[in-house]
Chemist: 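Just passing along the structure, written as structure tokens.
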Amino acid sequence: MIGGLALLLAFQLVGELVVRLTGLPIPGPVIGMVLFFGWLRWHHPREGAPSVRAADVLVRYLPIMFVPTTVGIVAYGPQVAAQWFPAAVASFGTWLVTFILVAWVAVWLRPRRPKQEAA
């Protein structure tokens with residue numbers, strides 16, 4: 001598992017280096033995630049591989065990442081209440097864009113079936 005975490009951090013580091021060297025207006029971890037995705041598509045790790053186990057653990061504990069957001073909403077409640085409409089529109093808009101992109105990627109990655117000959 002340590003090797004898998006090291007691999008994930010290495011891709012994040014490479015993403016940060018790409019941003020620093022090129023000046024792209026994209027966060028380094030996002031570039032690292034795209035590079036990691038490309039590596040996964042090329043490498044096809046097996047089920048018990050360290051990278052798969054590390055990703056599984058991170059996904060299992062993903063809800064913990066929402067704790068700081070919840071604390072921020074509680075701490076800045078009056079400001080959030082004053083700006084509820086733009087926040088709701090932005091949240092719904094990003095959800096919709098994410099939903100459409102995930103559906104598009106799922107269709108794009110779906111295995112292709114050979115066309116059946118008409119009998």
Side-chain angles (χ1 to χ4, degrees):
M1 175 138 143
I2 297 295
L5 289 173
L7 181 67
L8 290 169
L9 289 173
F11 275 104
Q12 182 175 356
L13 176 65
V14 170
E16 287 289 343
L17 290 173
V18 167
V19 167
R20 305 266 177 169
L21 294 175
T22 62
L24 289 171
I26 301 171
V30 172
I31 292 177
M33 185 172 49
V34 169
L35 293 172
F36 182 62
F37 176 74
W39 180 82
L40 287 174
R41 295 285 295 166
W42 177 67
H43 189 261
H44 300 291
R46 61 188 184 287
E47 186 66 32
S51 58
V52 174
R53 287 187 296 154
D56 185 45
V57 169
L58 289 175
V59 168
R60 187 177 315 136
Y61 294 107
L62 189 64
I64 294 173
M65 305 299 175
F66 295 111
V67 171
T69 305
T70 306
V71 170
I73 288 174
V74 170
Y76 296 104
Q79 290 87 349
V80 173
Q83 299 293 324
W84 72 269
F85 186 73
V89 169
S91 295
F92 179 75
T94 56
W95 170 82
L96 184 62
V97 168
T98 303
F99 185 77
I100 291 169
L101 285 175
V102 166
W104 179 75
V105 169
V107 168
W108 181 65
L109 292 175
R110 185 180 62 211
R112 306 282 185 229
R113 293 184 187 163
K115 293 186 178 182
Q116 306 248 341
E117 294 182 23

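These numbers come from the heavy atoms of this one structure, side chains and all, not from hydrogens, waters or symmetry mates.
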Chemist: Hey, quick one: are F92 and I100 part of the same hydrophobic cluster, counting side-chain heavy atoms closer than 4.5 Å, chains of contacts allowed?
Modeler: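 Linked, F92 and I100 end up in one cluster.
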Chemist: List the atom pairs, donor and acceptor, that lie under 3.5 Å between side-chain atoms in residues 8-25 and the rest of the protein, sequence neighbours left out.
Modeler:
from: T22; atom 1: OG1; to: V18; atom 2: O; distance (Å): 2.6
from: T22; atom 1: OG1; to: L24; atom 2: N; distance (Å): 3.4

Chemist: Any chain of hydrophobic side-chain contacts (each under 4.5 Å) joining V71 to M65?
Modeler: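 V71 does not cluster with M65.
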Chemist: Going by the side chain to side chain donor-acceptor pair (under 3.5 Å) test, which pairs reach into residues 64-93, not counting sequence neighbours?
Modeler: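 Sorted pair list comes back empty.
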Chemist: In chain order, what residues pass the ring-ring contact (aromatic ring centres under 6.0 Å, His included) check against F99, with sequence neighbours excluded?
Modeler: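 ring-ring contact (aromatic ring centres under 6.0 Å, His included) list for F99, sorted by chain: W95.
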Chemist: If you group Ile, Leu, Val, Met, Phe, Trp and Tyr whenever their side-chain heavy atoms sit less than 4.5 Å apart, what else falls in with L109?
Modeler: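 The other cluster members (ILVMFWY side chains, heavy atoms under 4.5 Å, direct or chained) are F37, W104, V105, W108.
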Chemist: For a 4.5 angstrom cut-off between non-hydrogen side-chain atoms, does V89 reach F85?
Modeler: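 Sidechains of F85 and V89: in contact.
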Chemist: Identify, with sequence neighbours excluded, every residue that meets salt bridge (charged side-chain N to carboxylate O under 4.0 Å, His left out) alongside R60.
Modeler: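 If we apply the salt bridge (charged side-chain N to carboxylate O under 4.0 Å, His left out) test to R60, skipping adjacent residues, the hits are D56.
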Chemist: If I take atom CG from residue L35 and atom CG from residue L40, how far apart are they, to the nearest 0.5 angstrom?
Modeler: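 Spacing of CG (L35) from CG (L40) equals 11.0 Å.
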Chemist: Quick one: does V34's side chain get under 4.5 Å of I26's, heavy atoms only?
Modeler: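 The answer is no; the side chains never approach within 4.5 Å.
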Chemist: Could I get the full list of ring-ring contact (aromatic ring centres under 6.0 Å, His included) partners for H44, not counting sequence neighbours?
Modeler: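 In terms of ring-ring contact (aromatic ring centres under 6.0 Å, His included), with neighbours along the sequence ignored, H44 is linked to no residue.
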Chemist: Determine the minimum heavy-atom distance between G3 and P50, stating which atoms define it.
Modeler: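 Smallest interatomic distance, heavy atoms only, reads C-CB, 4.3 Å.
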Chemist: Drop me the distance from F36's CZ to L7's CG, to the nearest 0.5 angstrom.
Modeler: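 If I round to the nearest 0.5 Å, the distance is 5.5 Å.
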Chemist: Assigning hydrophobic clusters by single linkage (Ile, Leu, Val, Met, Phe, Trp, Tyr; side-chain heavy-atom cutoff under 4.5 Å), is L58 placed with V30?
Modeler: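 Looking at the clustering, V30 is in the same group as L58.
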